[in-house]
There are 2 protein chains.
Amino acid sequence: MDLKITKYSRQRDIILRILRSTKCHPTADWIYEKVKKEIPNISLGTVYRNLNFLADKGKIRRFSFGGTTAQFDGDLRDHYHIRCDWCKRIEDVPHISTRISCQEIESLTGYRIHSLNLFFSGICPECQRKGEQ
Amino acid sequence: MDLKITKYSRQRDIILRILRSTKCHPTADWIYEKVKKEIPNISLGTVYRNLNFLADKGKIRRFSFGGTTAQFDGDLRDHYHIRCDWCKRIEDVPHISTRISCQEIESLTGYRIHSLNLFFSGICPECQRKGEQ
DNA sequence: AATAATATTAGTTATTATTATTGTTTTTAT
DNA sequence: ATAAAAACAATAATAATAACTAATATTATT
């Protein structure tokens with residue numbers, strides 16, 4: 001994955017715009033379907049290449065919940081994620097009072113920290129109401 | 001993935017023992033190779049099925065770093081992970097002073113929290129020494 | 001202990017997500 | 001305007017995981 005890409009590309013622009021304009025945390029394929037409406041002959045490989053590029057450059061976030069598929073998030077603001085173990089929905093956790101100190105981690109591990117990911121899993125209110133599935 | 005499995009299985013036992021006895025965060029395939037030394041004709045599917053079973057029951061942890069491969073951890077104690085963006089190694093972050101309050105998240109989101117995952121990424125000391133790759 | 005019921009298995013095939021390749025087109029620098 | 005490099009679409013290849021099936025191992029029942 002050697003990406004020294006610097007040129008403008010309409011495809012990348014649109015991918016980024018679509019990702020930024022959604023509140024969900026889409027997969028590459030979801031984005032692909034959206035972009036196709038604007039660029040019908042775009043290829044899935046282009047979507048993957050650009051998502052990886054953008055993630056490597058820190059323009060978007062890439063994560064996964066231990067599952068088999070990567071998901072992307074165009075929102076770079078400090079926030080966390082939570083997923084329902086039953087319905088699999090993913091939501092943002094806007095902010096928590098606790099500040100996690102990256103500096104502490106840096107001095108603890110010697111790493112230069114680039115990013116921090118915090119996610120929770122559990123049962124969402126709706127599924128709780130519906131009871132045991 | 002409906003796993004109402006209750007019977008004893010030697011395969012599962014050995015998988016769990018191997019996972020618990022390593023400090024690394026192996027993939028299904030890594031575990032498969034290990035188990036084969038004890039049960040030469042075990043199948044990879046069995047390894048996957050049991051890892052998923054154990055993870056669903058909360059006996060082990062399953063995660064991934066946004067990549068394509070799941071990794072497993074037999075250590076259930078409270079700890080976090082850090083990965084080097086260059087050499088891809090994953091290490092434990094033993095404990096941090098900040099306590100993240102799941103109760104705060106529960107009242108903030110309405111979710112019943114099952115688990116919390118915190119991971120960092122950055123550049124490990126060794127790669128820092130080696131400089132830009 | 002023998003039997004019946006069923007979870008689990010090995011072996012295999014299928015599916016899905018992702019990456020790599022190749023020849024062509026776009027973009028940028030000169 | 002032209003040349004070099006980046007990015008592309010199309011497609012093939014790979015890798016991870018899930019699904020299927022008939023046989024085996026484990027447990028519960030007699």
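In the text below, chain A, chain B and the rest are named by the order of the sequence lines, each starting its count at 1.
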Please confirm whether A:Arg61 makes a cation-pi placement over A:Phe72, using NZ or CZ under 6.0 Å from the six-membered ring centre and within 45° of the ring normal. no

Would you say B:Ile18 and B:Glu38 make side-chain contact, with heavy atoms under 4.5 Å? yes

What I'd like to find out is whether the side chain of A:Ile60 reaches to under 4.5 Å of the side chain of A:Asp73, using heavy atoms alone. no

Quick one: are B:Tyr111 and B:Ile105 in side-chain contact, heavy atoms under 4.5 Å? no

Spacing between A:Asn52 atom CG and D:dA6 atom P, to the nearest angstrom: 18 Å

Comparing nearest nucleotides in DNA chain C, the 5'-proximal residue of the pair B:Thr68, B:Val47 is B:Val47

Provide the Watson-Crick or G-U wobble partner of D:dC20, both distances under 3.5 Å; none if there is no partner. C:dG11

Options D:dT17, D:dA10, C:dA10, nucleotide nearest the side-chain atoms of B:Thr46: C:dA10

Per B:Thr69 side chain, nearest of listed nucleotides D:dA16, D:dA10, C:dT9: D:dA16

Atom CG of A:Leu51 and atom P of C:dA17 are separated, to the nearest Å, by 14 Å

Where the side chain of A:Arg49 is concerned, which of D:dC8, C:dT27, C:dA10 is the nearest nucleotide? D:dC8

Between C:dG11 atom P and B:Tyr32 atom OH, what is the distance in whole Å? 8 Å

Where the side chain of A:Tyr8 is concerned, which of C:dA10, D:dA9, C:dT28 is the nearest nucleotide? C:dT28

Is B:Leu44 touching bases, backbone alone, or none of the nucleic acid, heavy atoms closer than 4.0 Å? base

Separation of atom CD1 in B:Ile39 from atom P in C:dT9, rounded to whole Å: 9 Å

Protein-nucleotide distance (A:Tyr48, atom OH; D:dA16, atom C1'), rounded to Å: 12 Å

Specify the residue among B:Ser9 and B:Ala28 whose closest nucleotide of DNA chain D lies further upstream toward the 5′ end. B:Ala28

Can you measure B:Arg12 atom CZ to D:dT27 atom P for me and round it to whole angstrom units? 10 Å

Beyond-backbone contact of B:Phe65 with A:Phe63, side-chain heavy atoms, under 4.5 angstrom: no

Rounded interatomic separation in angstrom, taking CD from A:Gln71 and P from C:dT18: 10 Å

Checking D:dT17, C:dA7, D:dC8 against the side chain of A:Gln11 (C-beta onward), the nearest is D:dC8

Using atom CD1 of B:Ile42 as one end and atom P of D:dA25 as the other, report the distance to the nearest whole Å. 14 Å

Side chain of B:Asn50: nearest nucleotide among C:dG11, D:dA16, C:dT9? C:dT9

Where the side chain of B:Lys7 is concerned, which of C:dT6, C:dT18, D:dA18 is the nearest nucleotide? C:dT6

